[in-house]
Every structure is written in structure tokens, then in C-alpha cells.
Amino acid sequence: MIMELSIDYSDIVKVYRMEQTYVMVKPDGVQRGLIGEIISRIERRGLKIISLRMNVIEEATAKEHYSEHETKPFFSSLVKFIISGPSVSMVVAGKDVIKIMRTISGATNPVDATPGTIRGDFSLDIGRNVIHASDSSDAAAREIAIHFKDTEIWKYSKVDEVCIYE
Ligand code: IDP
Ligand code: MG
């Protein structure tokens with residue numbers, strides 16, 4: 001017996017309010033082969049990657065990215081580490097994506113990061129916590145502009161959005 005299943009979304013027009021955030025798989029995440037793991041956690045949550053690049057970040061860019069920490073004692077080692085090898089930069093879009101990416105990432109210090117979060121599953125040391133995600137909408141706008149040109153960000157619809165969003 002053949003069962004026919006069909007869901008007709010054709011008359012549903014939805015406008016989704018999506019935020020954008022900046023996410024980086026830091027050099028330790030790349031070295032440890034965690035690019036796929038991290039991207040797959042982002043994708044399976046339903047979030048949309050709208051830009052993606054691997055590069056070795058320039059020193060001036062890293063300093064600008066972490067400028068809020070300029071006066072902290074760990075600033076120079078943080079910048080040195082971030083530019084020490086290739087990292088993967090992304091712009092990720094979705095409803096409440098800024099907060100969701102912070103939650104998926106886990107606490108800054110891995111000792112406080114809950115199991116099930118990226119930092120809670122894959123890291124032990126605060127200076128090697130494998131992922132960065134913007135912490136506010138101002139930070140997201142600032143960081144996206146630091147790492148990407150407008151023309152590198154792809155504002156496309158994804159076919160599963162009709163299932164992911166109410
Ligand atoms: P976040 O990455 O969770 O937003 P921030 O406080 O913005 O955390 O710090 C930026 C990065 O600087 C952290 O992810 C961590 O790698 C590093 N960092 C923060 N605090 C310390 C510290 O006390 N010692 C060494 N590295 C630190
Ligand atoms: Mg931060």
C-alpha cells in the first residue's frame with residue numbers, strides 16, 4: 001500500500017525576524033578537528049550559515065576584535081593565539097541567534113561550562129576554549145563588520161525555514 005503524505009505550505013507567506021551573529025572556530029578548534037562538529041551543532045539547531053571563511057586573522061584585526069580587553073593582562077597572549085594559525089569565521093543567522101550561540105558555546109571559562117555546550121564538551125582551559133560568539137547585538141554588528149564585507153554575506157532563504165519557524 002502506498003501512503004501519500006504531503007504538507008502544502010504554498011499558501012503560507014512568512015516573514016522571519018532573523019538576527020545575525022559572528023562566530024569563530026578559534027585556532028585550537030581548527031587544530032583539534034572540531035570545525036565539522038561545531039558547524040554541525042549550529043546547523044542541526046536550525047540556524048543558517050550566511051557566510052563562512054577560513055583564514056589567519058591579521059594582528060590589527062584581532063586587536064580590533066578584542067579591543068574591549070585591551071587593558072587586561074591576557075590581551076597580548078589572546079591576540080597572539082588568535083593569529084597563530086587558521087581559524088574559521090562565520091556569520092550565522094536565525095531567531096535570537098546571538099543568545100542561542102552564546103548558550104550553545106557555553107561559559108567563557110570551561111570549568112563553568114555545562115556539558116552539552118561546545119566549551120563544556122571540548123575544552124578545559126579559558127585561553128583554549130575553541131569558539132567565539134558575539135555577546136550582544138552591538139558586538140555582533142561590530143564584529144561582523146570587522147571580519148566580513150557586505151558583499152560576502154548571503155541573504156538567502158532556506159527551504160526548511162517554513163518548518164523551523166512558527
Ligand atoms: P567570551 O569569549 O566568552 O566572550 P570574553 O570575556 O569576551 O569571553 O573573553 C574573550 C576571550 O579571552 C575568552 O574566550 C578567552 O579565550 C580569553 N580570556 C578571557 N578571560 C581570560 C583570562 O582570565 N585568562 C586568559 N584568557 C582569558
Ligand atoms: Mg566576549
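In each ligand, atom 1 is the first atom listed, and ligand 1 is the first ligand listed. Because only heavy atoms are used, hydrogens play no part in the values below, and waters and symmetry mates are left out as well, while side chains stay in. Since the structure is predicted, the reported quantities are computational estimates derived from the model, not experimental observations.
Of the N or O atoms in E68, none lie within a sub-3.5 Å distance of an N or O in ligand 1. Remark: ligand 1 and R102 share an N or O pair separated by less than 3.5 Å (distance only, no angle test). Ligand 1 has no N or O atom lying under 3.5 Å from any N or O atom of A133, backbone or side chain. Between N129 and ligand 1, at least one pair of N/O atoms sits closer than 3.5 Å.
E143 and S134 form a side-chain donor-acceptor contact under 3.5 Å, judged by distance and modelled atom types alone.
Near K26, meaning under 4.0 Å from one of its heavy atoms, ligand 1 places the atoms 13 (C), 14 (O), 16 (O). The atoms of ligand 1 that sit less than 4.0 Å from any heavy atom of Y66 are 10 (C). Each of the following atoms of ligand 1 lies closer than 4.0 Å to a heavy atom of R119: 1 (P), 2 (O), 3 (O), 14 (O).
Using the six-membered ring where Trp is involved, H147 and Y22 have ring planes that are parallel, under 30° apart on the 30 and 60° scheme.
Atom 22 (C) of ligand 1 has as its closest protein heavy atom F74 CD2, 3.4 Å. Among protein heavy atoms, atom 15 (C) of ligand 1 sits closest to I126 O, 3.2 Å. With respect to atom 3 (O) of ligand 1, the closest heavy atom belonging to the protein is T108 OG1, 2.4 Å. When only non-hydrogen protein atoms are considered, atom 12 (O) of ligand 1 lies nearest to L78 CD2, 3.4 Å.
Across R102 and A133, no two heavy atoms sit closer than the pair NH1-O, 2.9 Å.
Between E161 and K48 there is a salt bridge, since a side-chain N of the basic residue sits under 4.0 Å from a carboxylate O of the acidic one. Ion pairing between K95 and E19 fails under the 4.0 Å rule for side-chain N and carboxylate O. Residues D125 and R119 are not paired through a salt bridge, judged by the lack of any N-O separation under 4.0 Å between the basic side chain and the carboxylate. Residues D160 and K158 are paired through a salt bridge, judged by an N-O separation under 4.0 Å between the basic side chain and the carboxylate.
Residue contacts with ligand 1 do not include M24, since none of its heavy atoms lies under 4.0 Å from the ligand.
Under 4.0 angstrom from ligand 1, there are no non-hydrogen atoms of K72. Heavy atoms of H69 found under 4.0 angstrom from ligand 1 belong exclusively to the side chain.
Atom CG of L124 has 12 or fewer heavy atoms from other residues, nucleotides or ligands within 6.0 Å.
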For this session: For the pair D150 and K155, evaluate salt bridge (Lys or Arg N to Asp or Glu O under 4.0 Å) and give the outcome as yes or no after the intermediate values.
Result: CA-CA 10 Å; D150 268 355; K155 294 181 178 125; 5.4 Å; no

